Structures are given as C-alpha cells and as structure tokens.
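Presented below is the structure to which this report refers.
The structure presented is a predicted model; accordingly, all values stated were derived computationally and were not measured. When reading the values below, keep in mind they use all heavy atoms of this one structure, side chains included, and skip hydrogens, waters and symmetry mates. Below, read A as the first sequence line, B as the second, and so on, with proteins coming before strands; counting in each chain starts at 1.
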Amino acid sequence: MSVAATHTRPTLAVWKFASCDGCQLSLLDCEEELLALAEAVHIAHFTEMTRTSVSGPYDVSLVEGSITTPEDAERIKEIRANSRRLVAIGACATAGGIQGLRNFAASGDYAGTVYAHPQYLSTLDTSTPISEHVTVDFELHGCPIDKGQLLEVLLASLAGRRPVITGHSLCQECKSRDTVCLLVTGEGACLGPVTRAGCGALCPSVGRACFGCFGPSDTANTASLAARLANDGATELQISRLFRTFNANAPAFLAESRAHESTEVAVHFSASRIVRRP
Amino acid sequence: MVETTDNSAVLALRPGDVVVLSRDGLDALISALREADYDVTGPTVRNAAIVLGPVSSTSDLPVGYRDEQSAGRYRVVKEDDERCFQWAVGPGSWKGEFFPSKQEQWRAVRSGETYTFVEPRFESPSLAIFGARPCEVAAIGVLDKVLSQGTYGDARYVSRRRDLFVVVAECGAPASTCFCTSMGTGPGASDGFDLSLSEISDAGGHRFVVRVGSERGGAILSTVARERASSEDLVARERLLEDAETTMSRRMPSGIAAVLAHSQESPRWSEIAERCLSCANCTLVCPTCFCSDVHDVTDLSGAVIRERTWSSCFDLEHSYLHGGSVRASGGSRYRQWMTHKLSTWWDQFDASGCVGCGRCIAWCPVGIDITEEAALFEQDAQLPEPEASAR
Ligand code: SF4
Ligand code: SF4
Ligand code: SF4
Ligand code: SF4
C-alpha cells in the first residue's frame, strides 16, 4: 500500500539545514490560507510550528538550508529516502546561501574570525546546495522564498500538476506592474535582467535595485549586464561583490564574480575580520 | 474666459474643422470628457518618468517636463516651460489598458463532483486616452488587427476598445530614439483620432490647435469655449511638425522586411546575442507586442483558474515544446523578435509590427538599437554574397 493511502491527507514535512528559518516561516506567513492548507495536508514534521513529529515516509518534504556539516550530508540522504517529493526551498538550499561565501575563503578562516573556540566545530569546508547531495524534485528560489510561490508548489503537488513558476527575468515582473526601470532611469545598479522572477519585483517597486536574491534566471547573460554596469561607473570590486551575495555559488553568478575578482577582493576579506575584544 | 467667436457655436463642429483652445479650454475639454463618463487617462509624471494615469485636469499632465532618451537611457528634466507635451513617449503604452498583463480567462468552481464554469464579465467605463502620440494611435490600429479583427476577437480587448475616445497630441519634441517618420506613423496624426491637439507656444501665446476627427469629437468640442484657427495657427502647426521631422535622426531602412527574410542564417544574430540579456524589456514596452501565456492554476477550494499573462519570445518557456525550448539560443530569440516586428508581421497581418516609437531602444538595459541593427543587416545584404562557407 502506498504511503499516501495510509493517511487520508498527503503528509508534509519541513526540514532545516544551515539556514536562518526565514524560508520555512514563509509557510506560517500564508496566514489566510493556513487553516485550509492544514486541512488539505497533514503537517507531519515542522518544528517551527509544533514539537509533535510524525515519522515518515512523507509525501512532500520541504528542505531549507545548505549542507555544511558531515552529519547533515548524511541526514539529507535519510530525508530523501523518506520523501516521495523533495522540494528545496530558498537560496541556501538551492545555491548554498550567504554562508556559501566560505567557499571563497581558506578553510576555517571565517570560523576563526567568528568563534572564540573554533576547535569545537566540526564543519565541511564548503556550503553546498541540496541538489549536490541528493535528487531534488523542484527548486524554489529566493532569500527568502515568496509565499505565493510556496503555496503554488504545494497546490500543484496536491492537484498533481506542474507548478506555474517561471525562470524568466525579473524585468518581466517590473513591466507587468508598471514599475519604471531603475537601471534605465539611472536610479540603481539593478540585477533584475539576469535574476529569476518570483518576488513580484518587490525591490524595484519601492525604488531599490534588485540584488539578485532569487539567483540567476534561465537565460542570465551576466557578462553583458556587467559591461553595462561598468559603463555606468561600477568598479571591478563592486561588480564582483554584486554577484557574490546570497547566490554567490549559483553557476552564472559565480562565474561573473570570478571574472571581476581582483586582489582587492581578497585584501578586503582579511581587512574586514572582526577584531575580538578580550 | 475666451469668447466663442466661431460661427459653429450654434452648429456642432464637424470632422475636418480646426479650432484653437487655450489651456483653460483644454481643461474644459477634460472636464467635458469626464462629464460624459469617460475614464480619462493620460501622461503624468511618476517615479522619474512620464507614465500613464488618471487625468482630471491639465495640471496632472507633465507641464514643463521634457524627456532625454538614448539607447538604454531615459531621464525627465523639469524646465521653466508652460507646455504640457514637450516630451516624446514614456515607458508605458496604452496596450496595458486593453490587454492587461494578467487576466483571468475563466474559472471552474467546484461543488461536490460537479464544476461550474464562470467567465469574468468585462464591463468598465468608456476610456478616453488623452495625449496619445500619433505612433501610439498607429500601434492601437496594429493591435486591432491582431486582437479584435479576424475570427476570434479577444473579449476583454474588444469591450475596452469599442468606445475608445482618442485625443491625440501631435509630436513637437521627438526623442533621439524616435523614428516614426520612416515608419509613416508620425509626427503628425492623419487618422484614428476623435480630436487631435498640436501645442504651440510662440509670439502668439500658448495654445492648442485642435482638429476634429469624428462626429463625437466635434460634439464634445462644441461644448468648450474656443476660437477659430487663424492662418498663423495653421502655419505654426505645420512648422511644429516640420521641426519635429528634422530633429528625428534615427530611421528604419525601407526594404528591411525583405532583407530580414533573407538574413535567417546571418552570423549577426549570435553577435547580438552576446549583448542581449533575453530580459524581454523590449517586447513588454513595445506597444504592439501581444504574446501571452495561458496556464491553469488551482486553489484550496478545488477551483481551477485559467489565467493569461504577458509573455515574450525572449522567454524560454515561450517556445517550450515537449523536451525543451525551440529557441534555446539568444541569437534565435533576438532573431524571432526582430524578424517578427519588421518582416513576418507583414505576412501575418499585412502591416509592420513596429511603429517607430523607440521604446525598445531606450528601455533595453544594454541599449540594443533595432534601427542600428537593421542598418547593419541592410549593409550586409548589399555586400556581394560571400563564397559558400562551411555552415
Ligand atoms: S528595475 Fe531592474 S528588474 Fe526592473 S526592469 Fe529595470 S533592470 Fe529589470
Ligand atoms: S519595435 Fe520598438 S520602436 Fe518599434 S513599435 Fe515596438 S517598441 Fe516601438
Ligand atoms: S516580437 Fe516576440 S513578443 Fe512581440 S509579438 Fe512577436 S513573438 Fe510576440
Ligand atoms: S534586446 Fe535588450 S531589452 Fe530586448 S531582450 Fe535583449 S537586452 Fe533585453
């Protein structure tokens, strides 16, 4: 008998790896739909909501966070084995997240800066997305994810259809809501043309240039955008940094930040070390 | 208050009549349209750009603003100027009024085991577009061919378009990105309007030469205080349009449709693709691009909602067939856009898909210029055929 048939409703589990919890909290943010959703699915494991945990297998697992420790590299395999569908949610789970900046530094560099006794830590040298460890059925991007998109993935799962989630540029969302382009009017160095849509052009709509938290779009031509930004006066360091944030390890952004990497970037890293007070 | 000196004060104005309005007269015209229950929409300044929005008086218009546009760049500048129309076109086109970026087509509501289909009703007040440019009116004519003529009209488009009242503002200040002259769509308006304004500011003062284009245009203008147009006014209008034509530096080569039809294998497409971001801005600001995507979503009540959203040939999903996208390369996507606008549109709709508004040039984040690329393709076509090369 199938897993689903043993329950009347499909089961949902939410898992956390190296992350800030912001993405899984998006589920609780679905305030208007939450009660109806809780009737449609059986929330079997979600520690931000309840300490009760029902053992698997699960119909859908939402996985937040990146893999940064040897234990987590094992734990994700168990979760995969226990989940019919596995959806990676957020920049950490899909690209290694902001903690993926460790991938650019020497082993232990950040740990030594932040922790008084780094010898008690047991971590991997890298922060990697879930898809580098197990098969992922769907990736939901963003830092944090968009709650509308989260709901869409769950609704699609329930109905057995493909989620209506695109990989095109953020610019399409600006134009669809009549937001005036910040790049063309000179109001900001916007990453929208190479960033995946999904947030509804949240930042540009309030006059803030997109900083790429949804990661590269399907067709990201980062080199051409970088050339435009340089033409507007951005320095190599600024361009490198622009591509090196939440999705620093997403392949298109990684290649672009590397292309503009200068010795300055490395120098900056050591200069920015936090000085610990006794 | 301007005295009505025109004899036609007793008789309604007729198509072909020309009168002169002061700015107060223009305000009275806006009020008359609003009293006739039109939703008056026109240009207004918001977020560092001239965009479209509700207009209730001339003070909502971009009074004293001009725009500076070039490839990948747009700025508005405020000057000490009484004129309302000293700018070219903004990023928004009227396309969105008839063809919104997202629209529900129908929904199937579930009760038990049965579904009831519900279609949205498209009922909205009649729309008056105030201060549309001649190229934009031409663009609406192009959209008509696509969305309302032919066997299957688009219900929402047809309902919003049906009673459209058009007040065109002829162009006195084209941007460097404009090339309507070579597309035959401006800077003067020849048809497709109810009223046509030409704004004059000279020794004779600040005024609007207004030409009547339809019976109802004449009827509404008849309710407004106006003066008969003098021969000086008519000459001033001619000069306005001549000056506009002289300042327009961009042009589209006249034989571009045939040139592109024979350029499908040009290496230029992949050269352009190195710059093109496939961001789709050009297609979404274009007043005639009509591509859309239709998908079904579900909600927690079990309803199925079919919605239509804007789409673009720069979108991978747009050419997605089983197994992948047909237009997987950036070059093939740019080729689709440019060839459709300037060449295959003729085959499909017996018209150009481009009216020369220049929006795609200004709002392209990397400043790819359709006229510049067209000139290069034309140049290539004039060169002797290269020796058959290994393809
Ligand atoms: S503001 Fe940014 S995201 Fe929006 S259209 Fe401009 S470049 Fe694209
Ligand atoms: S192709 Fe460009 S210039 Fe031509 S109508 Fe469209 S946006 Fe305007
Ligand atoms: S140019 Fe592209 S987006 Fe525009 S109508 Fe043609 S296929 Fe559609
Ligand atoms: S031509 Fe310009 S606006 Fe159009 S898709 Fe390419 S980069 Fe974007």
Side-chain angles (χ1 to χ4, degrees), chain A residues 30 32-41 151-152 154-156 158-187 190 192-195 197 204-207 217-225 227-229 231-232, chain B residues 46-53 69-76 90-92 96 100-102 273-285 293 295-302 304-305 307 309-312 314-318 325 327-330 333 362-368:
Chain A
C30 299
E32 281 177 21
E33 299 84 4
L34 202 54
L35 291 178
L37 185 68
E39 278 176 22
V41 298
L151 207 55
E152 170 59 12
L154 295 175
L155 288 167
L158 285 170
R161 60 174 175 87
R162 275 179 53 172
V164 179
I165 286 178
T166 71
H168 61 225
S169 77
L170 180 64
C171 299
Q172 293 205 36
E173 293 193 324
C174 269
K175 290 296 176 285
S176 296
R177 60 181 292 174
D178 279 338
T179 293
V180 176
C181 179
L182 301 166
L183 200 52
V184 169
T185 52
E187 310 270 306
C190 190
V194 296
T195 298
S205 72
V206 293
S217 64
D218 282 346
T219 53
N221 183 351
T222 51
S224 176
L225 181 66
R228 152 90 206 216
L229 298 176
N231 206 35
D232 285 347
Chain B
R46 176 168 55 81
N47 296 344
I50 294 169
V51 298
L52 304 175
Q69 304 193 43
S70 56
R73 184 178 185 277
Y74 175 99
R75 300 285 187 277
V76 284
S101 58
K102 183 172 181 175
E274 282 175 25
R275 288 173 283 143
C276 177
L277 303 161
S278 283
C279 62
N281 277 303
C282 49
T283 53
L284 301 189
V285 292
D293 208 354
H295 33 242
D296 294 348
V297 293
T298 46
D299 70 11
L300 282 164
S301 73
V304 179
I305 301 116
E307 36 181 52
T309 56
W310 281 357
S311 182
S312 162
F314 283 100
D315 204 322
L316 274 186
E317 292 136 42
H318 194 66
S325 289
R327 289 190 281 268
S329 71
R333 292 190 289 273
W363 298 96
C364 170
V366 290
I368 297 176

Counting heavy-atom pairs under 4.5 Å with chain B, the top scorer among A:R161, A:R177, A:H168 is A:R161
Measure distances from B:D293 to the heavy atoms of chain A and classify the residue's part below 4.5 Å as side chain, backbone, both or neither.
neither
Under a 4.5 Å heavy-atom cut-off, does chain A meet the side chain of B:A273, its backbone, both or neither?
backbone
Relative to chain A, which segment of B:R333 carries a heavy atom at a distance below 4.5 Å: side chain, backbone, both, or neither?
side chain
Apply the test side chain to side chain contact (heavy atoms under 4.5 Å, CB included) to residues B:W363 and A:L183: give CA-CA distance (whole Å), side-chain angles for both, the deciding distance (0.1 Å), then the verdict.
CA-CA 9 Å; B:W363 298 96; A:L183 200 52; over 6 Å; no
Can you see which heavy atom on A:A36 is nearest to which on B:L300, and at what distance?
CB-CD1, 3.8 Å
Salt bridge (charged side-chain N to carboxylate O under 4.0 Å, His left out) with B:R275: which residues, sequence neighbours excluded?
B:E271, B:E373
Quick one: what part of B:E317 sits under 4.5 Å from any heavy atom of chain A, side chain, backbone, both or neither?
side chain
Reported CG-to-CG distance for the pair A:L151 and B:D299, which is rounded to 0.5 angstrom
9.5 Å
Can you tell me which of A:D178, A:T222, A:T219, A:N231 forms the most heavy-atom pairs within a distance under 4.5 Å of chain B?
A:T219
Of B:T283, B:N281, B:D315, B:T309, which is the lone residue that meets side chain to side chain donor-acceptor pair (under 3.5 Å) with A:Q172?
B:D315
B:V285, B:V366, B:L316, B:V297: which one forms the most heavy-atom pairs within less than 4.5 Å of chain A?
B:V297
Answer with side chain, backbone, both or neither: which region of B:L277 has an atom nearer than 4.5 Å to a non-hydrogen atom of chain A?
both
Shorter than 4.5 Å, heavy atoms on both sides: which option in B:S278, B:S312, B:G72 has the most such pairs with chain A?
B:G72
Might you point out which heavy atoms bring B:R75 and A:G186 nearest each other, and give the distance in Å?
NH1-N, 3.4 Å
A:E39 versus chain B, heavy atoms under 4.5 Å apart: side chain, backbone, both or neither?
neither
So for A:A40, is it side chain, backbone, both, or neither that comes closer than 4.5 Å to the heavy atoms of chain B?
side chain
Most chain B-contacting option - heavy-atom pairs closer than 4.5 Å, from A:L170, A:T185, A:T166
A:T185
Nearest heavy-atom neighbours spanning A:C171 and B:C279:
CB-O, 3.8 Å
Considering non-hydrogen atoms only, spot the tightest contact between B:P365 and A:V184 and give its length.
CA-CG2, 4.3 Å
Tell me, for A:L158 versus chain B, whether the close heavy atoms (under 4.5 Å) come from the side chain, the backbone, both or neither.
side chain
